[in-house]
Amino acid sequence: MSRADLTLLPEWQALQQHCNQLETRHLRELFADDPKRGERLVAEATGLYFDYSKQRVDDEALRLLRALAEARDLKGHIAAMFRGERINATENRAVLHEALRAPRSEKILVDGHDVVPDVHEVLDRMAAFADTVRNGAWKGHSGKPMRNVVSIGIGGSDLGPVMAYEALRDYSRRDMTFRFVSNVDGTDFAEAVRDLDAAETLFIICSKTFTTLETLTNAHAARAWCVKALGDESAVAKHFVAVSTAAAEVAKFGIDTKQMFGFWDWVGGRYSMDSAIGLSTMIAIGPDHFGDMLAGFHAMDEHFRSTPFEQNLPVLMGLIGLWNTNFLDAATVAVLPYEQYLKRFPAYLQQLTMESNGKHVTLAGAHVDYATGPIYWGEPGTNGQHSFYQLIHQGTRLVPCDFIGFGQTLNPVPAQGGGDQHDLLIANLIAQGEALAFGKTAEEVRAEGTPEALVPHRTFEGNRPSTTILAERLTPFTLGSLVALYEHSVFVQGAIWDIDSFDQWGVELGKQLARTTIAELIATTEPKLAHDSSTNSLIRRYRTLRDG
Ligand code: F6P
């Protein structure tokens, strides 16, 4: 049987049958039948408490999901990734972001070469550089220390650093300014530097390929801005460093490769926040905290690699996500961190999950006949409650939710009426999961004296699934574990769906077409257009609007 025949597997068909039966059962019944369900359907590792009891699964569904994982040789896939096999088949690359956080004592071979010493050599150089910037020893062109760091990159060369900076702001140097520029929209760059003194500003140009249009365009804008302000091309040497795998391109741009921090083709862009791409994070929080973050990643790697599936957090998360996607037909996952510092976490996860598993063909190139990667989105709580939660509670679509919260806040603020504002925040997190799962019946609504005409409007069907992840406190270690949890859950799903979770060919066509379009937009004479009628008209209309 070819790997494409996922839906013909007996395990898949058994899941489908079981789902047909289980769909008739409400979470209210599942909890009533098993008073200990909320204590039983939980797992815990690396400081993360993972409660999946409010997912619409029972023991049999979980057993069948694990059987499906066995049938797809998930264990073999995990081992192959950790062994450095070229599991990114369409790009013929190994996938070894785990090596980025491996302790010095480990040995991880890629084509017979141990990459762990290479990783630590770069980490050591990053730490030495970060220290000189942080302690003021790194001086700019006019002899001033750096007070501002502007990281320029996009996609995986931006989302991780921004998310980690925001998440770990409490651990960051408050006397320094950190900005992130990604969009080719000039406004992004202009707003990022408008109040900065070039003499005190360090640019980190992050690009794996160092050919990405947005990043190179912004890097050139930054260089022009810096040279104009400091009056001299030679200023570039003190104000620009690069993070890349492409030394020749870095040199071509004009950054001395001695000021380049490298990584490797076995690190995917969206898996690179703990490589040198995290240089801005390291400058912000310091090498020790950065090391703690790597330790958090590594702890989850070890847990993933060695824990039986029943208790394995990424496996559980991946399998439950697959159940929701393929059997309950949910098209989406809402990620709802009840922690303001995680405000960019949903955006980060969008690339991680959707660029990884947004694929419609199997590794062998056959069109899949099952859904793959769901749409990830979200906002920090409680803001979302006052906007889109209405649809999650009473809309016609099933939106599985991941709630994320912490026992302790980094910013205690006494609340009027008692307790801390953090208690109010977490009360909301807990209440939302409860409301989604159990809802409110028409009888309960009537018993409150609600007029009959309003009863349907005020009834909550419930039975809406969620997972709740709780940890003690948002620390660098916890953040690393949390990110690795999602990384590996994406892997679990990709392995079962038989897709390449590590390529991203889908972004290429738009990039290619944009090259032609740019030439047409900036042509000094009316260009001859050969697109479809809509595209032709849009190009003409833009030129008219622009030129007045
Ligand atoms: O366009 C998609 C992508 O290739 C991402 O996968 C990647 O993270 C991003 O562009 C940036 O690429 P680079 O780091 O090479 O500039």
Side-chain angles (χ1 to χ4, degrees), residues 87-97 100 122 126 150-165 180-185 188-189 203-223 240-255 257 260-281 344-345 347-359 373 376 483 486-487 490-491 494 499-515 517-518:
I87 59 167
N88 175 359
T90 71
E91 296 181 324
N92 191 27
R93 288 177 180 165
V95 172
L96 268 179
H97 38 279
L100 297 171
V122 175
M126 286 166 65
V150 179
S151 181
I152 297 181
I154 196 163
S157 296
D158 170 69
L159 287 161
V162 182
M163 182 278 287
Y165 172 67
F180 299 85
V181 178
S182 53
N183 198 338
V184 77
D185 183 339
D188 203 10
F189 175 73
F203 288 97
I204 306 177
I205 314 298
C206 296
S207 175
K208 183 174 168 182
T209 55
F210 230 77
T211 54
T212 304
L213 172 93
E214 291 88 340
T215 302
L216 268 283
T217 305
N218 281 319
H220 281 286
R223 187 166 64 183
F240 282 76
V241 296
V243 179
S244 188
T245 58
E249 296 293 335
V250 169
K252 204 157 91 189
F253 175 83
I255 297 176
T257 49
M260 167 180 149
F261 299 86
F263 58 115
W264 306 271
D265 73 354
W266 40 264
V267 183
R270 52 195 176 272
Y271 297 86
S272 67
M273 61 172 273
D274 41 9
S275 72
I277 290 290
L279 183 60
S280 59
T281 316
R344 295 290 289 166
F345 193 57
Y348 172 77
L349 286 186
Q350 285 184 326
Q351 189 201 16
L352 176 67
T353 59
M354 288 156 70
E355 200 167 68
S356 295
N357 282 348
K359 309 289 162 66
Y376 275 73
V483 174
Y486 278 92
E487 284 179 351
V490 165
F491 177 88
I499 55 180
D500 190 331
S501 299
F502 301 100
D503 63 12
Q504 58 283 319
W505 300 106
V507 300
E508 292 305 322
L509 179 59
K511 283 189 198 170
Q512 262 171 35
L513 294 180
R515 273 185 224 121
T517 311
I518 292 165

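Both counts, for ligands and for their atoms, begin at 1 and track the order of listing.
Residue contacts with ligand 1: Gly156 is placed with a nitrogen or oxygen under 3.5 Å of a nitrogen or oxygen of the ligand (distance criterion only). Taking any N or O of Thr215, backbone or side chain, none lies under 3.5 Å from an N or O belonging to ligand 1.
Near Val507, meaning under 4.0 Å from any of its heavy atoms, are these atoms of ligand 1: 1 (O), 2 (C). For ligand 1, the atoms sitting less than 4.0 Å from at least one non-hydrogen atom of Ile154 are 9 (C), 11 (C), numbered in the order shown with element in parentheses. If you number the atoms of ligand 1 from 1 as listed, the ones under 4.0 Å from a heavy atom of Thr212 come out as 12 (O), 13 (P), 15 (O), 16 (O). In the vicinity of Gln504, heavy-atom distances shorter than 4.0 Å reach the ligand 1 atoms 6 (O). Less than 4.0 angstrom separates some heavy atom of Ser157 from each of these atoms of ligand 1: 13 (P), 14 (O).
Judged purely by distance below 3.5 Å, without hydrogens or angles, the side chains of Trp264 and Thr245 never pair a donor atom with an acceptor atom.
Looking only at heavy atoms of the protein, atom 15 (O) of ligand 1 is closest to Thr209 OG1, 2.6 Å. In terms of protein heavy-atom proximity, atom 10 (O) of ligand 1 is nearest to Lys511 NZ, 4.5 Å.
In this structure, Asp188 contributes its side chain and Asn183 its backbone to a donor-acceptor pair below 3.5 Å. Looking at Gln350, its side chain does come within 3.5 Å of a backbone N or O of Tyr376 through a donor-acceptor pair. Side-chain N or O atoms of Thr215 include none that pairs as donor or acceptor with a backbone N or O of Ser207 at under 3.5 Å.
Crowding of Arg223 atom CZ: a count of heavy atoms from other residues, nucleotides or ligands under 6.0 Å exceeding 12.
The option from Arg270, Glu355, Gln351 that lies nearest to atom 2 (C) of ligand 1, judged by heavy atoms, is Glu355.
Residues Thr211 and Glu249 meet the side-chain proximity criterion, which asks for heavy atoms closer than 4.5 Å.
Legend: side-chain hydrogen bond (donor to acceptor under 3.5 Å, both in side chains) pairs involving residues 268-278, not counting sequence neighbours, sorted by first then second residue: Arg101-Asp274, Arg270-Glu355, Arg270-Ser356, Arg270-Gln504, Tyr271-Ser356.
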